[in-house]
Amino acid sequence: MDNRFATALVIGSVLSLLSVIYLSAAVGTVSWYHYFTSPVLANVSETAANEFLNELEKANEKAYTDALYHCNGSLGLWQQCISVSSQHYESDDLSSDLRCVSLSFSDQFLEKYSQPGNHNTEIDLIRTYLWRCQFLLPLVALGLIFFGAIVGLAGCVCRSLYPALGTGALHLLAGVCTLGAVVCFSSGVYMLQRSLPPPSGVRGEYGWSFCLACVSSPLQVMAGALFIWASRASRKEYSLMKAYRVA
């Protein structure tokens, strides 16, 4: 194997591994979007925290979204968290406790309504499918990369670069899926805030989990491009060498 092709495969493998680490960390963490609440609005008691947990379990979107607005909430693909202020008995100092709720697989498929929390209004199909795609697409991307790795290992066993073409194509599809998940999440947040605007004194920012997902997509695309280039260039060189020998 030419050193150029071997170098391309090694670099592509490293980029693929980094993208898997970044995307897995993004999927498993809750720092996709943060709400920062002013101190005047952020004085939340233990009772309000329990109400947030109960409303989230009841799938009352308006109630738990309001709690996220007022409690320095954090959004993830599989978790939602709020910060609750509690006072110690020994002192007058206030401490902030993080309360999180994990979303089940069935919770991800709940319908979203045009007026959040009002089940008497019509279903908002765009927000519903954006919410579903934002957690399905990263799983599809990880599955494609895993399957591509198996194809690549099969090529190594056969001592052939031809399977690298399939590995590269799977990585390109994974990059598109990851980018789609990022777009779906940001669009879903925008549409939710348009339907249920945050109160004054509350601002939102994307977190580091969202940034990891954004970085993961181009890494997958670059890895796929390297795999495809190595496979096609190797095949072309082999064809030229074979034609030269025949001549």
Side-chain angles (χ1 to χ4, degrees), residues 22-37 48-49 51-82 99-145 173-199 202-214 216-217 220:
Y22 290 166
L23 186 57
S24 300
V27 170
T29 51
V30 74
S31 297
W32 280 71
Y33 198 83
H34 294 290
Y35 291 107
F36 297 95
T37 312
E51 290 179 357
F52 162 75
L53 302 180
N54 294 332
E55 294 297 342
L56 188 56
E57 292 176 356
K58 296 176 184 177
N60 189 337
E61 187 179 20
K62 183 180 186 304
Y64 66 70
T65 301
D66 287 336
L68 290 171
Y69 287 161
H70 290 81
C71 309
N72 294 303
S74 299
L75 292 176
L77 297 185
W78 293 91
Q79 278 187 325
Q80 295 185 2
C81 300
I82 60 172
R99 300 293 180 86
C100 297
V101 175
S102 298
L103 303 177
S104 65
F105 199 78
S106 60
D107 293 336
Q108 303 282 14
F109 284 91
L110 295 175
E111 287 97 0
K112 307 297 179 183
Y113 296 90
S114 56
Q115 294 182 8
N118 188 354
H119 292 233
N120 296 322
T121 58
E122 61 181 6
I123 297 175
D124 192 337
L125 292 178
I126 296 179
R127 285 206 309 122
T128 298
Y129 284 102
L130 284 176
W131 182 278
R132 295 174 182 178
C133 290
Q134 75 182 18
F135 86 93
L136 283 175
L137 289 177
L139 300 181
V140 173
L142 290 173
L144 290 173
I145 295 175
L173 290 176
V176 173
C177 290
T178 303
L179 180 61
V182 170
V183 173
C184 287
F185 180 84
S186 59
S187 300
V189 170
Y190 170 78
M191 295 185 68
L192 175 61
Q193 293 181 358
R194 190 178 63 178
S195 301
L196 191 63
V202 177
R203 62 182 178 88
E205 290 182 1
Y206 291 100
W208 58 268
S209 300
F210 181 84
C211 296
L212 285 180
C214 292
S216 178
S217 178
Q220 294 161 5

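This structure is a prediction, so every number in the text was calculated from the model and none was measured. For reference, positions follow the sequence shown, starting with 1.
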Exercise for review: Carefully, step by step, assess C214 and Y206 under the rule side chain to side chain contact (heavy atoms under 4.5 Å, CB included).
Suggested key: CA-CA 11 Å; C214 292; Y206 291 100; over 6 Å; no
Review point. Going through the checks in order, is the side chain to side chain contact (heavy atoms under 4.5 Å, CB included) test met by L75 and L68?
Key: CA-CA 9 Å; L75 292 176; L68 290 171; 3.5 Å; yes
Check your understanding: Does the side chain to side chain contact (heavy atoms under 4.5 Å, CB included) test come out yes or no for T65 and L192, once each step is laid out?
Key -> CA-CA 9 Å; T65 301; L192 175 61; 4.2 Å; yes
Exercise for review: Please assess Q134 against V183 for the test side chain to side chain contact (heavy atoms under 4.5 Å, CB included), listing each intermediate value before the final yes or no.
Suggested key: CA-CA 8 Å; Q134 75 182 18; V183 173; over 6 Å; no
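Put simply, the side chain of S217 gets close to the backbone of G175: a donor and an acceptor are under 3.5 Å apart. Of the possible polar contacts, none joining the R127 side chain to the S114 backbone as a donor-acceptor pair under 3.5 Å is found. Side chain of T128 to backbone of K112: a donor-acceptor contact under 3.5 angstrom is found. Using a distance-only test at 3.5 Å, with no hydrogens or angles considered, a donor-acceptor pair links the side chain of W32 to the main chain of A26. Panel note: side chain S195, backbone M191; a donor-acceptor pair is recorded below 3.5 Å. Under the 3.5 Å distance criterion, the side-chain polar atoms of T37 are matched with a main-chain donor or acceptor of N72.
Taking the six-membered ring where the residue is Trp, the centroids of Y69 and F36 are separated by 6.0 Å or more. Taking the six-membered ring wherever Trp is involved, the centroid distance between the rings of Y190 and F185 does not fall below 6.0 Å.
Atom CG of L139 is surrounded by more than 12 heavy atoms from other residues, nucleotides or ligands within 6.0 Å. Annotation: E205, atom CD; neighbour count of heavy atoms from other residues, nucleotides and ligands within 6.0 Å is above 12.
Between I145 and A174 the shortest heavy-atom distance is CG1-CB, 3.7 Å. Minimum interatomic distance between L144 and C177 (heavy atoms only, all atoms of both residues): CD1-SG, 4.2 Å. The shortest non-hydrogen separation linking P138 to L77 is CG-CD1, 4.0 Å. The shortest heavy-atom contact between E111 and I123 is CG-CD1, 3.7 Å. Taking both residues in full, the closest heavy atoms of I82 and A67 are given as CG2-O, 4.1 Å, listed atom of the first, atom of the second, then distance. Closest non-hydrogen pair, A213 versus V182, comes out as CB-CG2, 3.8 Å.
Remark: C71 SG to Y35 OH distance equals 12.5 Å, nearest 0.5 Å. The line from CG of D124 to OH of Y113 is 11.5 Å long, rounded to the nearest 0.5 Å. Rounded to the nearest 0.5 angstrom, L137 CG and L179 CG are separated by 10.0 Å. Interatomic distance, R203 CZ to H34 NE2, rounded to the nearest 0.5 Å: 11.0 Å.
A donor-acceptor pair shorter than 3.5 Å can be found between the side chains of S209 and T29. Counting only N and O atoms by type, the side chains of Q80 and S74 include no donor and acceptor under 3.5 Å apart.
The SG atoms of C184 and C133 sit 2.5 Å or more apart.
Between F105 and F109, the ring-plane angle classifies as tilted under the 30° and 60° cut-offs.
Side-chain contact between L173 and V140: absent, with no pair of heavy atoms (C-beta onward) separated by less than 4.5 Å. With a 4.5 Å cut-off on side-chain heavy atoms, Q108 and L136 do not count as touching.
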